[in-house]
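Below is one structure, written out as structure tokens; the observations come after it.
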Amino acid sequence: MIPRSFATKIWVIIIAWMFLLLLFFGGILAKSTHDFYYGYAAEENEELTNTAASLSTYLASLPDMQNALGHFDFLGNVLKYDIVATDPSGKVVLSTSRLRNWHGFTMPTQDMQQIKQGNNISFEGSVPYLSPHIIKVALPIWKSHKIIGAVFVFEPFTHLNAVSSSVNHSIGWGLTLSFLMALPGGIFLSKKLVSPVVEMDKAVRDIATGNYGRVITLDSTQELASLGQSVNTLSEGIKLYFDQISRERHQLANILSSIEDGVLTLSPAKQIVMSNRVALEQFAPSPTAEKLTLADLPSDLSTLLEHALAQSAPSNGEFAWNDQIFSVEISLLGTEAERGLVAVWHDVTKDRRLDKMRREFVANVSHELRTPLSYLQGYTEALLDNVVQDEQQRRRYLQTILNETLRLRRLVNDILDLSRIEYGGPLEFPHENVDVSEAIENISQQISPSAQQKQVTLRLEIEPNLPQVDCGFDRLKQILLNLCENALKFSPTPSEIKLSARYQAPWVEISVTDQGPGIPEADQPLIWGRFVRGTNGRNVTGSTGLGLAIVNTLTQAYHGQVALSSMPGHGATFYVRLPAVDITE
Ligand code: ADP
């Protein structure tokens with residue numbers, strides 16, 4: 001709007017200036033016409049007075065003014081003037097031909113009074129009985145010191161008037177036309193003058209609305225060219241600056257959306273200004289929501305944030321959400337007057353669980369080691385002190401020492417196994433296409449002597465054409481051995497252990513069934529844990545409570561599943577499902 005009104009202002013100034021100039025020159029012209037007019041009038045007046053004086057003298061010299069009648073006709077034809085002569089009363093007695101009808105007419109009393117007083121009359125203006133504008137000169141006719149009449153000379157002034165009014169008309173028209181012509185010219189000129197300003201105004205407006213591309217093209221000779229150049233440089237600079245900011249913002253948004261930590265920023269007014277993808281996925285009230293409020297956050301987190309904002313101090317802590325534990329770091333943003341916060345949190349559930357497991361593991365291992373060690377210490381001391389005299393009792397003591405040593409050894413082996421499985425690299429879990437029937441036959445041969453000793457029959461039920469499984473051969477044998485040792489351990493004499501395998505897409509399911517006491521329902525969900533000895537295992541020598549934990553950990557490492565079905569008093573069946581190798585591959 002500003003440039004348009006600016007253009008209008010310039011246009012008005014140009015027009016006003018031109019108008020004033022025209023008015024000034026028109027005035028000068030009118031004045032000179034006027035001066036010329038009055039100069040001419042004065043000259044004419046003098047000439048008329050001379051003519052009237054000559055006529056007055058001439059008429060006075062005649063015995064009778066009527067004698068001059070012929071002369072008057074002549075004068076009327078050759079002079080541009082009109083002349084009348086009157087008697088002393090003012091009655092017209094002679095007149096030039098154009099005023100013939102004035103005969104007998106009495107000249108105005110006012111004039112005649114002047115004449116009677118011997119005064120000359122000189123008048124310029126209009127009289128009702130003549131043309132609009134005249135010069136009138138009247139002189140008394142003196143004869144022998146007496147006034148015998150008057151001579152009136154009239155010169156019509158109309159032609160001069162016409163010239164004057166035509167000049168005035170021309171000036172008027174000239175002014176109007178010049179004014180009218182100046183209008184479009186003024187518009188053009190003002191636009192031309194304002195166009196660079198308009199260009200720059202557009203460019204600046206574009207900058208203000210974020211469109212930095214416009215380049216002002218100004219003729220280098222124009223006065224505003226350097227200002228235009230500066231606006232161009234400014235526009236370019238701002239464009240570069242904003243490009244950089246938007247690139248950085250984009251980068252930051254990418255980083256924030258790609259990190260797996262939750263991030264949000266809180267304004268001093270407790271508004272969540274920014275939250276990343278993870279934060280939205282976790283706490284947004286609906287999948288389409290794009291903003292979070294404090295109320296959407298878990299109460300522990302919002303309390304931490306509010307507290308940090310109130311204290312204006314960074315803080316950290318933990319909050320629970322959906323059975324997970326998150327650790328949050330809250331840092332300060334902005335200045336003391338405008339204090340905001342940024343909160344970053346990540347899932348520490350696994351860490352906490354591992355911490356707990358580690359603590360429990362150490363406690364369990366210490367506990368498990370203490371029992372055999374105290375047995376060993378007690379029995380060895382008794383033997384050394386010769387407390388035992390009886391040979392049979394001495395052998396019994398030595399046998400206990402041996403059993404506890406074996407148990408200790410087994411415990412240490414199992415712990416080592418477990419830690420190797422848990423913390424070992426890929427070498428601990430080779431991926432081979434394993435023939436399940438081969439592994440089962442191998443294990444059955446290995447435990448067959450112990451089974452025979454306990455009068456336990458081993459029965460193998462292996463489905464023909466079983467697909468291979470994706471597992472390590474030794475690892476599968478370890479799984480089977482642990483299950484078979486347990487089955488043997490709890491099998492009554494005589495009884496049977498069934499080892500079977502079948503294909504149940506996508507798994508190959510291996511099961512070990514015994515006819516032992518079975519597992520009480522209360523024990524069933526627990527026995528896969530570490531150092532868990534169920535009701536049956538408590539009195540069993542060499543039991544560590546780690547065998548099934550190893551089976552479970554190994555099976556999971558190969559993306560398999562374990563399961564158990566048991567009716568207390570009717571034996572137990574342990575299942576291990578391993579992914580079958582796709583035969584079509
Ligand atoms: P352990 O080394 O003591 O055998 P496991 O982890 O192998 O440890 O077994 C844990 C518990 O599960 C045992 O103490 C026992 O109570 C129960 N259990 C395991 N296998 C059987 C089974 N075949 N029959 C009955 N109970 C079993």
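Remember, it's 1-based here, ligands and their atoms both numbered in the order they're listed. This structure is a prediction, so every number in the text was calculated from the model and none was measured.
Counting only heavy atoms from C-beta outward, the side chains of Val562 and Tyr575 never approach each other to under 4.5 Å. Here the side chains of Asn276 and Ser257 are not in contact, with every heavy-atom distance at 4.5 Å or above.
Close contacts between ligand 1 and Arg410 involve ligand atoms 2 (O) [criterion: under 4.0 Å to a heavy atom].
Using a non-hydrogen distance threshold of 4.0 Å, Gly516 does not register as a contact of ligand 1. Heavy-atom separations between Ser491 and ligand 1 are all 4.0 Å or longer. At least one heavy atom of Phe574 sits closer than 4.0 Å to an atom of ligand 1.
Polar contact check, Leu548 against ligand 1: a nitrogen or oxygen pair lies under 3.5 Å apart. Residue-to-ligand polar distances place Gly534 within reach of ligand 1: an N/O pair is separated by less than 3.5 Å. Considering backbone and side-chain N/O atoms, Asp523 never comes within less than 3.5 Å of an N/O atom of ligand 1. At a 3.5 angstrom cut-off on N or O pairs, Gly545 counts as close to ligand 1. Every N/O-N/O distance between Arg533 and ligand 1 stays at or above 3.5 Å.
With a heavy-atom cut-off of 4.0 Å, Gln524 does not touch ligand 1 at all. The part of Ile519 lying near ligand 1 is the side chain, judged by heavy-atom distances below 4.0 Å. Under 4.0 Å from ligand 1, not a single heavy atom of Asn482 appears. Residue-level proximity to ligand 1 for Leu546 is carried by the backbone, the only part with a heavy atom below 4.0 angstrom. Residue contacts with ligand 1, taken as heavy atom pairs separated by less than 4.0 Å, do not involve Glu485 at all.
For Phe429, the CZ atom sits in a packed shell: over 12 heavy atoms of surrounding residues, nucleotides or ligands are nearer than 6.0 Å.
In the model, Thr303 has no side-chain atom that pairs as donor or acceptor with a side-chain atom of Asp300 under 3.5 Å.
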Derivation of the side chain to side chain contact (heavy atoms under 4.5 Å, CB included) call for Asn482 and Leu548:
CA-CA 7 Å; Asn482 281 10; Leu548 289 180; over 6 Å; no
Could you list the donor-acceptor pairs under 3.5 angstrom formed by side chains in residues 354-365, with sequence neighbours left out?
from: Asp355; atom 1: OD1; to: Arg358; atom 2: NH1; distance (Å): 3.4
from: Asn364; atom 1: ND2; to: Glu360; atom 2: O; distance (Å): 3.2

